[in-house]
4 protein chains.
Amino acid sequence: MNTFGKIFRLTTFGESHGTAIGGIIDGCPAGIELDVEEIQSELDRRKPGQSKIVTQRKESDTVQFLSGIFEGITTGVPIGFIIPNENQKSKDYSHIEEVFRPSHADFTYHQKYGNRDHRGGGRSSARETANWVVAGAVAKQIIKEIEINAYVSSVGDLFLEKPYQQLDFSKTESNILRCPDEETAAKMIEKIEKVRKAGDTIGGTITCVIKNVPVGLGEPIFDKLHARLGQAMLSINAVKGFEYGSGFCGARMQGSEHNDLFNEDGTTKTNLSGGIQGGISNGMDIYFRVAFKPVATLMQKQEALNSQGELVEMQGKGRHDPCVLPRAVPIVEALSAMVLLDFVLLNNSGKY
Amino acid sequence: MNTFGKIFRLTTFGESHGTAIGGIIDGCPAGIELDVEEIQSELDRRKPGQSKIVTQRKESDTVQFLSGIFEGITTGVPIGFIIPNENQKSKDYSHIEEVFRPSHADFTYHQKYGNRDHRGGGRSSARETANWVVAGAVAKQIIKEIEINAYVSSVGDLFLEKPYQQLDFSKTESNILRCPDEETAAKMIEKIEKVRKAGDTIGGTITCVIKNVPVGLGEPIFDKLHARLGQAMLSINAVKGFEYGSGFCGARMQGSEHNDLFNEDGTTKTNLSGGIQGGISNGMDIYFRVAFKPVATLMQKQEALNSQGELVEMQGKGRHDPCVLPRAVPIVEALSAMVLLDFVLLNNSGKY
Amino acid sequence: MNTFGKIFRLTTFGESHGTAIGGIIDGCPAGIELDVEEIQSELDRRKPGQSKIVTQRKESDTVQFLSGIFEGITTGVPIGFIIPNENQKSKDYSHIEEVFRPSHADFTYHQKYGNRDHRGGGRSSARETANWVVAGAVAKQIIKEIEINAYVSSVGDLFLEKPYQQLDFSKTESNILRCPDEETAAKMIEKIEKVRKAGDTIGGTITCVIKNVPVGLGEPIFDKLHARLGQAMLSINAVKGFEYGSGFCGARMQGSEHNDLFNEDGTTKTNLSGGIQGGISNGMDIYFRVAFKPVATLMQKQEALNSQGELVEMQGKGRHDPCVLPRAVPIVEALSAMVLLDFVLLNNSGKY
Amino acid sequence: MNTFGKIFRLTTFGESHGTAIGGIIDGCPAGIELDVEEIQSELDRRKPGQSKIVTQRKESDTVQFLSGIFEGITTGVPIGFIIPNENQKSKDYSHIEEVFRPSHADFTYHQKYGNRDHRGGGRSSARETANWVVAGAVAKQIIKEIEINAYVSSVGDLFLEKPYQQLDFSKTESNILRCPDEETAAKMIEKIEKVRKAGDTIGGTITCVIKNVPVGLGEPIFDKLHARLGQAMLSINAVKGFEYGSGFCGARMQGSEHNDLFNEDGTTKTNLSGGIQGGISNGMDIYFRVAFKPVATLMQKQEALNSQGELVEMQGKGRHDPCVLPRAVPIVEALSAMVLLDFVLLNNSGKY
């Protein structure tokens, strides 16, 4: 249940307040040259404390590879890695030891397991996603020809109106929000700042565009390419929805306007299909959108439930994100890379 | 790749124009009394030819159980079943033997497998979903206490505006659309009729509400309850999006309005979480929405690509659905039942 | 739990006295030309009633393919098949409805599932192995260059003393026992005849030799090639042991005599390793030996336990095998083919 | 491929000469009190340098748990652990950098992966088994009522003749060989000493006896209890064979002597079945025997192949075991515990 993928498989462990988190990447092909610095820089994109609009918690999040790489080359055996936990202010959590925060996993974990590591949410902490970024960064280096670009496409009611074709993805990293349109980014950052000062949080969406996908990735029935991408995205903390191609808008259309007519070379004139037909990539751009709810932990007072069944007032203390979007961008990319590589390897297996 | 589930597992086979489709249900507990007529009546909800707003193809879709049930009781070994194919008008498809229909799986299958069974789409046909309905109907009979109610909540731009709490699900089956609000249903049916007469098709959404879910279903990381539900729904032909609880609307909100405050008994005052927190059910109603694009096969002329790379004019012939929604309602319910039962059994495994 | 394999996967169902048994082959590469008659002829090797030394039950065991093959070529989607049950003399089993036969699965099934289909052993019947022979025959046609030859190497205390290198496998099918040495076969057949007349049964061993195996099949840790072969063989009804290469004899040796010294071309001068080193094939012949206990159902009186906890006298009635070995030869080959093909496909997946 | 188990799952990584080896235990029930010292003491039974008849390499093999345990109790989330590598004399291996040792995995790894970590065999090193001992020690503490006792039952041609019923397992740890019969142990130790002094190695067998197994563990078809035990044992380095109950001897018997007649309470008068019938435990003692070939690395000169295809003379240098049996005893027990617990949890899942 803590394993992701069929052939390129990541198995993970770790709580935000234990010694370390980490994982094992199994099924990584042998002979791949890995740039460990590039992997670390992907982790740096996700780490806390990068800017004023994310949590001020400071953690270096340094990945240590323990196996599977010899002289910079993958050997074909499992790649074990850990990311030591630092700067754990468990004290920050002592006030919630006996309290279930609203809209958190506190209550459900307690009910499911009969216990709960209240320090930072235990396994429900988004810290787990650092493991995914490591594995995704490995995957990215294997399928280098595929370009994966995620970016923040809305914050609350502020939407990036431009279609992705008009965006310059090289600018995504140029602002702290990771929205490639500077003007919109500025407004969104301002909005988050305002929300943060009020001790509140805000939701939004991330769009991901994947180019140069080979035709034929995905399986017809239960492992449709978009179903696996959807499951991956819905695994990210705070995600409430997933749509690809025309998505929910497509549900309002008629077939005569929705169908993507062909060009003679097999490409299509429009791409409402979002690069996937019948669960299998058709070579056009894949694009999808992921909805994130606002972070549940507020820096303002709200009512919570304690383990005695009493309603008590509480206020978030630690150092939390007013908006998860900027740090979620590399996570969306990482999971996308893992899914795509898995299907590439699966396709290879059938080449007899 | 043709297997669904971890413990309660369905493996399927079959093309729409072969001898039969079918499947194997593995991991079904022993000693369960099965009402085979009830299973058949679920299949009847999905079958073609039920009404004027779905395909006029006539198929009885009769399930035959071959194993795993002895004197009406499950024995604990695999339940094998087949649904013979009837009324196959392969001739209806001869005109597309060499043609890739726009927005179909024709092109991607051909590219992936180097061949294609053009008769009815082969494995990409929605006929496969009949297998799912069988397995889902079995699952429903095991988790009888959980109520699963899906219904059509929009057709094109027509939306059922009432929140689900105001609906009487016992009326869902009272009209051919499977929308529990008669007035809205009438408008939607009229719309579909109009679209059908124009040789066109139309999209829409299905909402599913699940009540009496035990607390604790779902796994923390990659098998979050909503991620598995999402993957399941995204496996249905023509689905473009999935959202649960507040969904994409939640992405526009702030934490102070989105958080579900507790009652003293552990229930919550609101339920924007959609019954799932941290990937685990919290006992509140689960609800989600699924977006279906319009059917790609039109009864009007459109341009297609042939295998010589030429653009040719074509027109759908067979007997196709102008709108998949009415027949998709039992499919959504079936997959939901399978996912929930799987997690129930998984939870049992850990009770040591 | 009723699925075998990682990429080339067989999932099965069926009891000996239901309508049919059958299975689904998933992960079969597309574009493979299948000779269905050859598959049937493998089934004929396993079927009952072939000769005087096996059960006299008459069943045609005809496989019907329901999907996945179009115009004689695999399409890449699941191959569903059934083998209808015929000639079911359920009456033959009425005398054991309330009786647990010694050394059968009757007692353990009853305890595990709280019920038991007493007719022919239900799922514990060796009839299931017909499904394996179908899938194995498909696999054989894909890895045609690999030669898999199993044969009876001992019956009771009669051993085929010749090393396999001195045998002519083309003669295995020339006698009803499937032992390629005519003289030894004659003695063994005589022995079985004698045992059969006494209403008794007898055990023995099957040896399997696999030639032309590519170097590199098998995985280092839990999926060692010999571990997967061993698991497969131990899945066959009545099997009590498995050894490969030097096997249990190797445990009596010293390293200086056991090590296989190299030739300059990477082959080895001896092959006590049995073609596998560190779990991975080295290109030399793979050979292993499988131990079968005597069939538990006797045609002479013995004591059994009834469900009231009383010891009662019983005598087998149906039509049982005095020795399973001749019919087990194609089963051993079928499972070997499935394991090898699975590893071939797995190896392909890593070729990036 | 580096994952073992269905519900109680161990995934591992690590080479003998990297930073650390380790693993992730997934599916461990919540709320289990774990005695970490007991886990360490199981590891100590396996560690090198314990006595004169095993390798003189000194490693403390200290396990560090990184997650999944909170205040001594399992939390239900994955248990991550590492065992740092120490005392790595890579220099000991420099002489084999370009040499394939006979009957080692050197050649097959090189062919499979196109590279090889020559230092200590990389992933093919038996050091991996330390991970298994950790997971097995966790499993043992969960199924405390089941008694698992392995012991050395032969060394070369010296056999422990007594049946297991006459042995006192509390004496297994009283000698360095782990054979519960002192007299036989002394002879075996003497034999190993002699072999060691000659720079040679020797094979042998380990027998394992499992008592108090609940009735009903194991699955009917591909996950028969003995098939999973067999696969597990065949995963241990140097294992060439596995037999349970009557094993290869049973293949020489007739049914009338082999059948285990019942007592009125459902136990059996004899137990040639080895506690398993039809793949499912019947409550009687499970016992099986595992064959280990002699270690391939000799401290005397032998011929090897270098990567230029030349035959060269070589002599083992490092510090190797003259006989793996004493250190393999806890490994056999650990894998047994993991298999049994996995089936216990699987059985729980079906209790609806």
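Chain A is the first sequence line, chain B the second, and so forth, proteins listed ahead of strands; every chain is numbered from 1.
Per-residue counts of heavy-atom pairs under 4.5 Å with chain C were compared for L229(D), N259(D), T297(D); the largest is that of N259(D). Of the listed residues (S256(C), G230(C), G309(C)), the one with the most heavy-atom contacts under 4.5 Å to chain D is S256(C). Chain C forms the most heavy-atom pairs under 4.5 Å with one residue out of A251(D), A198(D), A291(D), G278(D), and that residue is A251(D). Put simply, of G274(C), P322(C), G203(C), the one with the most heavy-atom pairs under 4.5 Å next to chain D is G203(C). Most heavy-atom pairs under 4.5 Å with chain D, from the set F262(C), F292(C), F222(C): that is F222(C). Contact tally against chain D (heavy-atom pairs below 4.5 Å) for T205(C), V155(C), L311(C): the top residue is L311(C). With chain C as partner, the option from I280(D), V290(D), I202(D) having the largest number of non-hydrogen pairs under 4.5 angstrom is I280(D). Chain D forms the most heavy-atom pairs under 4.5 Å with one residue out of V215(C), T3(C), I276(C), V195(C), and that residue is T3(C). Taking Q300(D), K293(D), Q254(D) one by one and counting their heavy-atom pairs under 4.5 Å with chain C, the maximum is reached by Q254(D). Top candidate by heavy-atom pairs under 4.5 Å with chain D, chosen from L158(C), N263(C), T270(C), is N263(C).
No salt bridge links K191(D) with D157(D); every basic N to acidic carboxylate O contact stays at or beyond 4.0 Å. Look at E219(D) and K224(D) and you find no salt bridge, because none of the NZ, NE, NH1 or NH2 atoms lies under 4.0 Å from a carboxylate O. No salt bridge links R9(C) with D342(C); every basic N to acidic carboxylate O contact stays at or beyond 4.0 Å.
With a threshold of 4.5 angstrom between heavy atoms, E303(D) approaches chain C through its backbone and through its side chain. Residue contact with chain C, scored on non-hydrogen atoms closer than 4.5 Å, involves the side chain of Q302(D) exclusively. In this structure, no portion of Q308(C) lies under 4.5 Å from any heavy atom of chain D. Proximity to chain C (any heavy atom under 4.5 Å) is shown, for F288(D), by neither the backbone nor the side chain. With a 4.5 Å cut-off on non-hydrogen atoms, L272(D) touches chain C through its backbone but not through its side chain. Heavy atoms of E257(D) lying under 4.5 Å from chain C are absent altogether. Using a 4.5 Å cut-off between heavy atoms, T12(D) touches chain C through its side chain atoms alone. Only the side chain of E128(C) comes within contact range of chain D, with heavy atoms under 4.5 Å apart. If you measure heavy-atom distances from D200(D) to chain C, the contacts under 4.5 Å come from the side chain alone. Heavy atoms of L305(D) lying under 4.5 Å from chain C belong to its backbone as well as its side chain.
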Under 3.5 Å, sequence neighbours excluded: what are the donor-acceptor pairs made by side chains of residues 241-250 of chain D?
{"from": "E243(D)", "atom 1": "OE1", "to": "F248(D)", "atom 2": "N", "distance (Å)": "2.7"}
{"from": "E243(D)", "atom 1": "OE2", "to": "R289(D)", "atom 2": "NE", "distance (Å)": "2.8"}
{"from": "E243(D)", "atom 1": "OE2", "to": "R289(D)", "atom 2": "NH2", "distance (Å)": "3.0"}
{"from": "Y244(D)", "atom 1": "OH", "to": "V239(C)", "atom 2": "O", "distance (Å)": "3.4"}
{"from": "Y244(D)", "atom 1": "OH", "to": "H226(D)", "atom 2": "ND1", "distance (Å)": "3.2"}
{"from": "S246(D)", "atom 1": "OG", "to": "H258(D)", "atom 2": "NE2", "distance (Å)": "2.6"}

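Partners of Q231(D) according to the side-chain hydrogen bond (donor to acceptor under 3.5 Å, both in side chains) rule, which considers only residues two or more places apart in sequence or in another chain, do not exist here.
Taking a 6.0 Å sphere around NZ of K269(D), one finds it holds more than 12 heavy atoms contributed by other residues, nucleotides or ligands. Residue K194(D) qualifies as open at atom NZ: its count of foreign heavy atoms under 6.0 Å is 12 or below.
Of the possible donor and acceptor atoms, none in the side chain of T268(D) sits under 3.5 Å from a partner among the backbone N and O of L261(D). A side-chain donor-acceptor contact under 3.5 Å links R123(D) to the backbone of G14(D). Checked by atom type and distance alone, the side chain of S125(C) pairs as donor or acceptor with a backbone atom of R127(C) at under 3.5 Å. Side-chain atoms of S281(D) come within 3.5 Å of backbone atoms of G216(D) as a donor-acceptor pair (strictly under, hydrogens ignored).
Because its NZ or CZ atom is both nearer than 6.0 Å to the ring centre of F343(D) and within 45° of the ring axis, R228(D) counts as a cation-pi partner of that residue.
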